[in-house]
There are 2 protein chains.
Amino acid sequence: MALSRARIAETALALVDRDGLEALSMRKLGADLGVEGMAIYRYFPNKAALLAGIVEILLAELVIPPPSDVPWQRVFRELSHAYRALLLRHPHAIPLLATLPLSDPATARAAGAVMAQLRAAGFDAPSALKTLATITSYVVGVAQWEVGTAPFRAERNGEPFPLPPDADPYLVELAPQLAEDDCEETFEFGLDVIVRGLETRS
Amino acid sequence: MALSRARIAETALALVDRDGLEALSMRKLGADLGVEGMAIYRYFPNKAALLAGIVEILLAELVIPPPSDVPWQRVFRELSHAYRALLLRHPHAIPLLATLPLSDPATARAAGAVMAQLRAAGFDAPSALKTLATITSYVVGVAQWEVGTAPFRAERNGEPFPLPPDADPYLVELAPQLAEDDCEETFEFGLDVIVRGLETRS
DNA sequence: ACCGTTAGTTTACACCGTAAACCCGTCAGG
DNA sequence: CCTGACGGGTTTACGGTGTAAACTAACGGT
(Lines give C-alpha, C1' and ligand atoms only; values in the text may rest on other atoms or scores of the structure.)
Protein backbone atom coordinates (compact mmCIF):
# COMPACT_ATOMS: atom_id res chain seq x y z
CA MET A 1 0.00 0.00 0.00
CA ALA A 2 1.25 3.48 -0.87
CA LEU A 3 2.55 5.83 1.77
CA SER A 4 0.71 8.99 2.80
CA ARG A 5 0.71 11.42 5.69
CA ALA A 6 -2.52 9.97 7.01
CA ARG A 7 -1.45 6.35 6.81
CA ILE A 8 1.90 7.10 8.44
CA ALA A 9 0.33 9.02 11.32
CA GLU A 10 -2.25 6.31 11.87
CA THR A 11 0.27 3.48 11.95
CA ALA A 12 2.41 5.58 14.25
CA LEU A 13 -0.50 5.99 16.63
CA ALA A 14 -1.22 2.26 16.44
CA LEU A 15 2.42 1.55 17.26
CA VAL A 16 2.32 3.92 20.22
CA ASP A 17 -0.92 2.38 21.48
CA ARG A 18 0.59 -1.07 21.17
CA ASP A 19 4.17 -0.62 22.39
CA GLY A 20 4.27 2.76 24.12
CA LEU A 21 5.65 6.14 23.20
CA GLU A 22 9.26 5.15 23.86
CA ALA A 23 9.03 2.41 21.26
CA LEU A 24 8.19 4.83 18.47
CA SER A 25 11.25 5.19 16.28
CA MET A 26 11.48 6.07 12.63
CA ARG A 27 12.93 2.69 11.72
CA LYS A 28 10.37 0.66 13.65
CA LEU A 29 7.59 2.75 12.20
CA GLY A 30 9.08 2.16 8.78
CA ALA A 31 9.04 -1.56 9.45
CA ASP A 32 5.36 -1.40 10.42
CA LEU A 33 4.71 0.42 7.18
CA GLY A 34 6.68 -2.13 5.18
CA VAL A 35 9.16 0.52 4.14
CA GLU A 36 12.57 1.86 5.08
CA GLY A 37 12.58 4.34 7.97
CA MET A 38 13.97 7.19 5.94
CA ALA A 39 10.98 7.12 3.62
CA ILE A 40 8.93 8.85 6.29
CA TYR A 41 10.97 12.02 5.83
CA ARG A 42 9.30 12.52 2.47
CA TYR A 43 6.10 13.24 4.41
CA PHE A 44 7.23 14.68 7.73
CA PRO A 45 10.24 16.97 8.06
CA ASN A 46 11.25 15.45 11.42
CA LYS A 47 10.02 13.41 14.32
CA ALA A 48 8.42 16.36 16.09
CA ALA A 49 6.21 16.91 13.06
CA LEU A 50 5.26 13.27 13.11
CA LEU A 51 4.22 13.58 16.75
CA ALA A 52 2.19 16.64 15.85
CA GLY A 53 0.53 14.52 13.18
CA ILE A 54 -0.43 11.98 15.82
CA VAL A 55 -1.88 14.75 17.99
CA GLU A 56 -3.86 15.91 15.01
CA ILE A 57 -5.63 12.63 14.43
CA LEU A 58 -6.15 12.23 18.18
CA LEU A 59 -7.89 15.57 18.48
CA ALA A 60 -9.91 14.75 15.38
CA GLU A 61 -11.47 11.94 17.41
CA LEU A 62 -12.85 14.62 19.68
CA VAL A 63 -16.05 15.94 18.15
CA ILE A 64 -17.03 19.23 19.70
CA PRO A 65 -20.65 20.05 18.90
CA PRO A 66 -21.53 23.60 17.84
CA PRO A 67 -22.98 25.86 20.53
CA SER A 68 -26.61 25.22 21.38
CA ASP A 69 -28.95 26.21 24.19
CA VAL A 70 -28.42 23.22 26.45
CA PRO A 71 -27.31 24.31 29.93
CA TRP A 72 -23.56 24.90 30.13
CA GLN A 73 -23.14 22.44 33.00
CA ARG A 74 -24.27 19.67 30.70
CA VAL A 75 -21.98 20.74 27.88
CA PHE A 76 -19.12 21.10 30.30
CA ARG A 77 -19.62 17.59 31.66
CA GLU A 78 -19.97 16.02 28.27
CA LEU A 79 -16.87 17.64 26.87
CA SER A 80 -14.89 16.61 29.91
CA HIS A 81 -16.04 13.03 29.59
CA ALA A 82 -15.33 12.95 25.89
CA TYR A 83 -11.80 14.25 26.42
CA ARG A 84 -11.23 11.86 29.26
CA ALA A 85 -12.44 8.94 27.16
CA LEU A 86 -10.07 9.97 24.40
CA LEU A 87 -7.14 10.02 26.81
CA LEU A 88 -8.03 6.64 28.26
CA ARG A 89 -8.37 5.16 24.79
CA HIS A 90 -4.74 6.11 24.16
CA PRO A 91 -3.04 6.06 27.53
CA HIS A 92 0.45 5.86 26.06
CA ALA A 93 -0.16 9.04 24.11
CA ILE A 94 -1.17 11.12 27.14
CA PRO A 95 2.21 12.84 27.43
CA LEU A 96 1.70 14.01 23.87
CA LEU A 97 -1.57 15.67 24.78
CA ALA A 98 -0.42 16.88 28.17
CA THR A 99 1.89 19.52 26.77
CA LEU A 100 -0.13 20.85 23.87
CA PRO A 101 1.43 23.94 22.39
CA LEU A 102 -1.54 26.04 21.39
CA SER A 103 0.43 27.17 18.37
CA ASP A 104 -0.29 23.72 16.94
CA PRO A 105 -3.22 24.16 14.52
CA ALA A 106 -5.12 21.07 15.65
CA THR A 107 -4.91 22.17 19.26
CA ALA A 108 -5.92 25.69 18.45
CA ARG A 109 -8.99 24.48 16.61
CA ALA A 110 -10.12 22.28 19.49
CA ALA A 111 -9.49 25.01 22.05
CA GLY A 112 -11.34 27.52 19.89
CA ALA A 113 -14.36 25.26 19.56
CA VAL A 114 -14.59 24.82 23.30
CA MET A 115 -14.19 28.55 23.82
CA ALA A 116 -17.08 29.12 21.45
CA GLN A 117 -19.20 26.74 23.50
CA LEU A 118 -18.38 28.51 26.74
CA ARG A 119 -18.91 31.96 25.26
CA ALA A 120 -22.31 30.87 24.00
CA ALA A 121 -23.11 29.67 27.52
CA GLY A 122 -22.62 33.18 28.83
CA PHE A 123 -18.99 33.20 29.97
CA ASP A 124 -17.10 36.36 29.12
CA ALA A 125 -13.85 35.85 27.23
CA PRO A 126 -11.40 35.94 30.14
CA SER A 127 -13.41 33.56 32.31
CA ALA A 128 -13.98 31.26 29.38
CA LEU A 129 -10.23 31.04 28.90
CA LYS A 130 -9.61 30.46 32.60
CA THR A 131 -12.31 27.82 32.62
CA LEU A 132 -10.80 26.10 29.62
CA ALA A 133 -7.42 26.07 31.36
CA THR A 134 -8.98 24.70 34.52
CA ILE A 135 -10.88 21.90 32.89
CA THR A 136 -8.19 20.67 30.52
CA SER A 137 -5.70 20.82 33.36
CA TYR A 138 -7.97 18.77 35.52
CA VAL A 139 -8.87 16.16 32.94
CA VAL A 140 -5.30 15.65 31.77
CA GLY A 141 -3.98 15.66 35.29
CA VAL A 142 -6.45 13.06 36.45
CA ALA A 143 -5.69 10.82 33.51
CA GLN A 144 -2.02 10.97 34.38
CA TRP A 145 -2.75 10.24 37.99
CA GLU A 146 -4.82 7.30 36.89
CA VAL A 147 -2.18 5.63 34.76
CA GLY A 148 0.42 6.39 37.44
CA THR A 149 -1.59 4.54 40.07
CA ALA A 150 -2.80 1.83 37.72
CA PRO A 151 -0.39 -0.83 39.03
CA PHE A 152 -2.19 -0.78 42.37
CA ARG A 153 -5.47 -1.63 40.73
CA ALA A 154 -4.25 -4.30 38.31
CA GLU A 155 -6.13 -7.57 38.41
CA ARG A 156 -4.45 -9.59 41.10
CA ASN A 157 -7.33 -11.96 42.01
CA GLY A 158 -7.60 -10.99 45.65
CA GLU A 159 -3.90 -10.58 46.40
CA PRO A 160 -2.87 -7.09 47.55
CA PHE A 161 -0.28 -5.14 45.64
CA PRO A 162 3.14 -6.72 46.25
CA LEU A 163 4.93 -3.95 48.13
CA PRO A 164 8.66 -4.25 48.69
CA PRO A 165 9.40 -5.17 52.33
CA ASP A 166 11.09 -1.81 52.97
CA ALA A 167 8.20 0.21 51.61
CA ASP A 168 7.38 3.58 53.09
CA PRO A 169 4.80 3.28 55.90
CA TYR A 170 2.72 5.96 54.21
CA LEU A 171 2.61 3.82 51.10
CA VAL A 172 1.42 0.68 52.87
CA GLU A 173 -1.38 2.78 54.30
CA LEU A 174 -2.17 4.27 50.92
CA ALA A 175 -1.98 1.15 48.78
CA PRO A 176 -5.25 -0.55 49.80
CA GLN A 177 -7.18 2.69 49.31
CA LEU A 178 -5.72 3.11 45.87
CA ALA A 179 -6.55 -0.48 45.05
CA GLU A 180 -10.22 -0.06 45.79
CA ASP A 181 -10.49 3.40 44.32
CA ASP A 182 -13.00 3.68 41.53
CA CYS A 183 -11.38 6.07 39.10
CA GLU A 184 -14.55 6.93 37.30
CA GLU A 185 -16.07 7.96 40.59
CA THR A 186 -13.00 9.96 41.59
CA PHE A 187 -13.14 11.77 38.28
CA GLU A 188 -16.80 12.52 38.80
CA PHE A 189 -16.04 13.77 42.30
CA GLY A 190 -13.57 16.34 41.02
CA LEU A 191 -15.80 17.26 38.11
CA ASP A 192 -18.67 17.95 40.50
CA VAL A 193 -16.35 20.01 42.63
CA ILE A 194 -15.37 22.13 39.67
CA VAL A 195 -18.87 22.54 38.30
CA ARG A 196 -20.23 23.56 41.69
CA GLY A 197 -17.33 25.94 42.07
CA LEU A 198 -18.08 27.48 38.69
CA GLU A 199 -21.76 27.82 39.50
CA THR A 200 -20.97 29.96 42.51
CA ARG A 201 -18.50 32.10 40.62
CA SER A 202 -18.77 35.76 41.36
CA MET B 1 35.36 17.03 44.06
CA ALA B 2 34.40 13.46 44.83
CA LEU B 3 31.34 11.86 43.31
CA SER B 4 28.29 10.95 45.36
CA ARG B 5 24.63 10.17 44.75
CA ALA B 6 23.61 13.57 46.07
CA ARG B 7 26.10 15.54 44.03
CA ILE B 8 25.23 13.64 40.86
CA ALA B 9 21.49 14.14 41.30
CA GLU B 10 21.94 17.82 42.04
CA THR B 11 24.11 18.49 39.01
CA ALA B 12 21.65 16.50 36.93
CA LEU B 13 18.83 18.73 38.12
CA ALA B 14 20.91 21.81 37.42
CA LEU B 15 21.59 20.52 33.92
CA VAL B 16 17.89 19.88 33.33
CA ASP B 17 16.97 23.32 34.64
CA ARG B 18 19.55 24.87 32.38
CA ASP B 19 19.24 22.91 29.12
CA GLY B 20 15.99 20.96 29.38
CA LEU B 21 15.11 17.35 30.01
CA GLU B 22 16.07 16.25 26.51
CA ALA B 23 19.61 17.48 27.03
CA LEU B 24 20.21 15.22 30.01
CA SER B 25 22.49 12.42 28.88
CA MET B 26 24.93 10.37 30.88
CA ARG B 27 27.88 11.71 28.96
CA LYS B 28 26.89 15.37 29.26
CA LEU B 29 26.16 14.91 32.94
CA GLY B 30 29.56 13.29 33.29
CA ALA B 31 31.13 16.30 31.63
CA ASP B 32 29.36 18.65 34.05
CA LEU B 33 30.71 16.54 36.89
CA GLY B 34 34.21 16.62 35.45
CA VAL B 35 34.16 12.89 34.98
CA GLU B 36 33.51 10.27 32.33
CA GLY B 37 29.84 9.44 31.78
CA MET B 38 30.16 5.81 32.75
CA ALA B 39 31.30 6.73 36.24
CA ILE B 40 27.70 7.56 37.12
CA TYR B 41 26.78 3.91 36.90
CA ARG B 42 28.74 3.30 40.12
CA TYR B 43 25.99 5.27 41.90
CA PHE B 44 22.85 4.72 39.83
CA PRO B 45 22.03 1.41 38.15
CA ASN B 46 20.50 3.13 35.10
CA LYS B 47 19.07 6.35 33.84
CA ALA B 48 15.61 5.71 35.26
CA ALA B 49 17.12 5.50 38.73
CA LEU B 50 18.88 8.78 38.10
CA LEU B 51 15.61 10.43 37.16
CA ALA B 52 14.06 9.03 40.33
CA GLY B 53 16.92 10.61 42.20
CA ILE B 54 16.07 13.96 40.67
CA VAL B 55 12.44 13.54 41.68
CA GLU B 56 13.59 12.79 45.17
CA ILE B 57 15.48 16.03 45.63
CA LEU B 58 12.66 17.94 43.95
CA LEU B 59 10.07 16.62 46.38
CA ALA B 60 12.46 17.28 49.23
CA GLU B 61 12.11 20.97 48.37
CA LEU B 62 8.45 20.63 49.26
CA VAL B 63 8.12 20.96 53.01
CA ILE B 64 4.76 19.69 54.17
CA PRO B 65 4.03 20.92 57.67
CA PRO B 66 2.58 18.45 60.17
CA PRO B 67 -1.19 18.59 60.73
CA SER B 68 -2.36 21.46 62.88
CA ASP B 69 -5.69 23.11 63.63
CA VAL B 70 -5.58 25.80 60.96
CA PRO B 71 -8.65 25.64 58.71
CA TRP B 72 -8.24 23.12 55.90
CA GLN B 73 -8.96 25.71 53.22
CA ARG B 74 -5.83 27.55 54.27
CA VAL B 75 -3.71 24.40 54.33
CA PHE B 76 -5.09 23.37 50.98
CA ARG B 77 -4.24 26.70 49.41
CA GLU B 78 -0.77 26.83 50.87
CA LEU B 79 0.12 23.32 49.75
CA SER B 80 -1.16 24.05 46.27
CA HIS B 81 0.88 27.20 46.04
CA ALA B 82 3.97 25.50 47.37
CA TYR B 83 3.67 22.70 44.82
CA ARG B 84 2.99 25.14 42.05
CA ALA B 85 6.00 27.22 43.02
CA LEU B 86 8.13 24.09 42.97
CA LEU B 87 6.94 23.23 39.46
CA LEU B 88 7.55 26.74 38.19
CA ARG B 89 11.01 26.75 39.73
CA HIS B 90 11.83 23.73 37.57
CA PRO B 91 9.65 23.99 34.47
CA HIS B 92 11.77 21.59 32.47
CA ALA B 93 11.30 18.93 35.10
CA ILE B 94 7.50 19.06 35.08
CA PRO B 95 7.13 15.93 32.93
CA LEU B 96 9.11 14.09 35.59
CA LEU B 97 6.65 15.13 38.28
CA ALA B 98 3.57 14.78 36.07
CA THR B 99 3.70 11.01 35.96
CA LEU B 100 4.73 10.18 39.48
CA PRO B 101 4.48 6.48 40.17
CA LEU B 102 3.33 6.32 43.77
CA SER B 103 5.51 3.28 44.21
CA ASP B 104 8.44 5.67 44.24
CA PRO B 105 9.35 6.20 47.91
CA ALA B 106 9.78 9.96 47.68
CA THR B 107 6.39 10.33 46.04
CA ALA B 108 4.74 8.07 48.53
CA ARG B 109 6.09 10.08 51.43
CA ALA B 110 4.85 13.38 50.01
CA ALA B 111 1.44 11.92 49.20
CA GLY B 112 1.21 10.40 52.65
CA ALA B 113 2.03 13.67 54.34
CA VAL B 114 -0.68 15.49 52.43
CA MET B 115 -3.16 12.74 53.20
CA ALA B 116 -2.37 13.15 56.89
CA GLN B 117 -3.09 16.86 56.60
CA LEU B 118 -6.42 16.25 54.94
CA ARG B 119 -7.40 13.52 57.36
CA ALA B 120 -6.63 15.83 60.25
CA ALA B 121 -8.84 18.43 58.62
CA GLY B 122 -11.79 16.09 58.84
CA PHE B 123 -11.81 14.36 55.47
CA ASP B 124 -12.52 10.66 55.59
CA ALA B 125 -9.96 8.45 53.86
CA PRO B 126 -11.69 8.02 50.48
CA SER B 127 -12.49 11.72 50.08
CA ALA B 128 -9.00 12.66 51.18
CA LEU B 129 -7.61 10.46 48.43
CA LYS B 130 -9.99 11.87 45.84
CA THR B 131 -9.14 15.37 46.97
CA LEU B 132 -5.44 14.65 46.71
CA ALA B 133 -5.94 13.36 43.19
CA THR B 134 -7.99 16.40 42.27
CA ILE B 135 -5.58 18.96 43.55
CA THR B 136 -2.37 17.43 42.24
CA SER B 137 -4.05 16.90 38.91
CA TYR B 138 -5.09 20.50 38.81
CA VAL B 139 -1.79 21.98 39.88
CA VAL B 140 0.28 19.85 37.53
CA GLY B 141 -2.15 20.38 34.69
CA VAL B 142 -2.15 24.12 35.08
CA ALA B 143 1.64 24.25 35.20
CA GLN B 144 1.77 22.33 31.95
CA TRP B 145 -0.81 24.61 30.39
CA GLU B 146 1.25 27.55 31.51
CA VAL B 147 4.52 26.45 29.96
CA GLY B 148 2.62 25.39 26.84
CA THR B 149 1.16 28.85 26.38
CA ALA B 150 4.27 30.67 27.55
CA PRO B 151 5.38 31.71 24.04
CA PHE B 152 2.31 33.91 23.76
CA ARG B 153 3.28 35.83 26.85
CA ALA B 154 6.99 36.16 26.19
CA GLU B 155 8.38 39.65 26.44
CA ARG B 156 7.90 41.15 23.03
CA ASN B 157 7.84 44.86 24.00
CA GLY B 158 4.42 45.63 22.65
CA GLU B 159 4.53 43.50 19.51
CA PRO B 160 1.85 40.79 19.35
CA PHE B 161 2.82 37.15 19.03
CA PRO B 162 4.08 36.56 15.47
CA LEU B 163 1.44 34.20 14.12
CA PRO B 164 2.09 32.46 10.81
CA PRO B 165 -0.02 34.02 8.06
CA ASP B 166 -2.03 30.82 7.58
CA ALA B 167 -2.88 30.54 11.28
CA ASP B 168 -6.18 29.11 12.35
CA PRO B 169 -8.82 31.83 12.80
CA TYR B 170 -9.57 30.44 16.25
CA LEU B 171 -5.97 30.94 17.18
CA VAL B 172 -5.80 34.55 16.07
CA GLU B 173 -8.82 35.19 18.25
CA LEU B 174 -7.25 33.32 21.15
CA ALA B 175 -3.74 34.70 20.97
CA PRO B 176 -4.34 38.21 22.38
CA GLN B 177 -6.32 36.78 25.28
CA LEU B 178 -3.53 34.38 26.06
CA ALA B 179 -1.02 37.18 25.86
CA GLU B 180 -2.75 39.27 28.48
CA ASP B 181 -3.67 36.37 30.70
CA ASP B 182 -2.25 36.61 34.18
CA CYS B 183 -1.35 33.03 35.03
CA GLU B 184 -1.23 33.59 38.74
CA GLU B 185 -4.74 34.92 38.59
CA THR B 186 -5.94 32.05 36.42
CA PHE B 187 -4.45 29.61 38.88
CA GLU B 188 -6.18 31.36 41.74
CA PHE B 189 -9.44 31.28 39.80
CA GLY B 190 -9.32 27.50 39.46
CA LEU B 191 -8.14 27.07 43.01
CA ASP B 192 -11.09 29.09 44.27
CA VAL B 193 -13.38 27.01 42.11
CA ILE B 194 -12.07 23.82 43.65
CA VAL B 195 -12.08 25.07 47.23
CA ARG B 196 -15.64 26.34 46.91
CA GLY B 197 -16.62 23.05 45.35
CA LEU B 198 -15.05 21.13 48.20
CA GLU B 199 -16.78 23.34 50.78
CA THR B 200 -20.17 22.38 49.41
CA ARG B 201 -19.31 18.69 49.27
CA SER B 202 -22.05 16.45 50.50
C1' DA C 1 13.45 8.35 -26.69
C1' DC C 2 14.54 11.57 -23.42
C1' DC C 3 14.09 14.28 -19.22
C1' DG C 4 12.45 15.81 -14.74
C1' DT C 5 10.00 14.55 -10.80
C1' DT C 6 8.74 11.59 -7.41
C1' DA C 7 9.14 7.67 -3.85
C1' DG C 8 11.91 4.97 -1.62
C1' DT C 9 16.73 3.06 -0.48
C1' DT C 10 21.50 3.21 0.97
C1' DT C 11 25.07 5.01 3.29
C1' DA C 12 26.95 7.84 6.73
C1' DC C 13 27.46 10.54 11.05
C1' DA C 14 26.99 11.91 15.63
C1' DC C 15 24.86 10.78 19.65
C1' DC C 16 22.44 7.82 22.95
C1' DG C 17 22.18 4.04 27.05
C1' DT C 18 24.84 0.61 28.92
C1' DA C 19 27.68 -3.99 29.33
C1' DA C 20 32.36 -5.53 29.89
C1' DA C 21 37.04 -5.13 30.45
C1' DC C 22 40.56 -2.49 32.16
C1' DC C 23 43.67 0.62 35.00
C1' DC C 24 45.28 2.71 38.98
C1' DG C 25 45.44 4.71 43.85
C1' DT C 26 44.39 3.42 48.54
C1' DC C 27 44.43 0.56 52.28
C1' DA C 28 44.88 -4.18 55.19
C1' DG C 29 47.35 -8.02 56.48
C1' DG C 30 51.43 -10.64 56.52
C1' DC D 1 57.92 -3.11 53.15
C1' DC D 2 55.55 -5.92 50.19
C1' DT D 3 51.39 -7.74 48.33
C1' DG D 4 46.98 -8.32 47.16
C1' DA D 5 42.23 -6.97 47.11
C1' DC D 6 39.11 -3.50 46.12
C1' DG D 7 36.57 0.71 44.82
C1' DG D 8 36.24 4.53 41.67
C1' DG D 9 36.92 5.98 37.30
C1' DT D 10 38.26 5.09 32.30
C1' DT D 11 38.21 2.75 27.77
C1' DT D 12 36.30 0.26 24.47
C1' DA D 13 32.47 -1.72 22.27
C1' DC D 14 27.65 -2.76 20.68
C1' DG D 15 23.22 -1.89 19.16
C1' DG D 16 19.95 1.67 18.78
C1' DT D 17 18.46 6.58 17.71
C1' DG D 18 17.40 10.95 14.56
C1' DT D 19 18.53 12.74 10.29
C1' DA D 20 21.54 14.70 6.24
C1' DA D 21 23.07 13.42 1.71
C1' DA D 22 23.67 10.69 -2.13
C1' DC D 23 21.74 7.31 -4.78
C1' DT D 24 18.36 4.42 -7.59
C1' DA D 25 14.32 2.98 -9.85
C1' DA D 26 9.77 3.93 -11.68
C1' DC D 27 6.68 7.03 -14.16
C1' DG D 28 4.27 10.98 -16.85
C1' DG D 29 4.83 14.50 -20.25
C1' DT D 30 6.98 16.27 -24.23
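Only heavy atoms go into these numbers, but all of them, side chains included; no hydrogens, no water, no symmetry mates. All values derive from a computational prediction rather than experimental measurement.
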Worksheet entry | Geometric class of the Tyr138(A)/Phe187(A) ring pair [parallel <30°, tilted 30-60°, perpendicular >60°] | parallel

Worksheet item: What does Tyr43(B) touch in the nucleic acid at a heavy-atom separation under 4.0 angstrom: a base, only the sugar-phosphate, or nothing?
Response: sugar-phosphate

Could you tell me the separation between the [atom1] atom of [X] and the [atom2] atom of [N], rounded to a whole number of Å?
X        : N      : atom1 : atom2 : answer
Phe44(A) : dG8(C) : CZ    : P     : 13 Å
Arg42(A) : dT5(C) : CZ    : C1'   : 10 Å
Ile40(A) : dT9(C) : CD1   : C1'   : 13 Å

Practice prompt. Could you please spell out the steps behind the side chain to side chain contact (heavy atoms under 4.5 Å, CB included) verdict for Asp181(B) and Phe152(B)?
Written response: CA-CA 9 Å; Asp181(B) 186 47; Phe152(B) 294 92; over 6 Å; no

Item to complete: Could you tell me the separation between the CG atom of Asp182(A) and the CZ atom of Arg153(A), rounded to the nearest 0.5 Å?
Response: 9.0 Å

Worksheet item: Could you give the distance from OG (Ser25(A)) to CG (Asp19(A)), rounded to the nearest 0.5 Å?
Response: 10.5 Å

Practice prompt. Please work out which residues in residues 17-36 of chain A have a non-hydrogen atom less than 4.0 Å from an atom of DNA chain C and list them by number.
Written response: Arg27(A), Val35(A), Glu36(A)

Worksheet item: Is a donor on one side and an acceptor on the other found under 3.5 Å between the side chain of Arg7(B) and the backbone of Ala2(B)?
Response: yes

Discussion item. For a 4.0 angstrom threshold against heavy atoms of chain A, report the outermost contacting nucleotides of DNA chain D in 5' to 3' order.
Written reply: dT17(D) to dA21(D)

Worksheet item: Do Glu188(B) and His81(B) get their side chains close enough for a donor-acceptor pair, meaning under 3.5 Å?
Response: yes

Practice prompt. Could you list the residues that satisfy side chain to side chain donor-acceptor pair (under 3.5 Å) with Asp104(B), not counting sequence neighbours?
Written response: Thr107(B)

Practice prompt. Could you walk me through whether Glu184(B) and Arg84(B) pass salt bridge (charged side-chain N to carboxylate O under 4.0 Å, His left out), step by step?
Written response: CA-CA 10 Å; Glu184(B) 206 63 41; Arg84(B) 168 178 168 79; 3.2 Å; yes

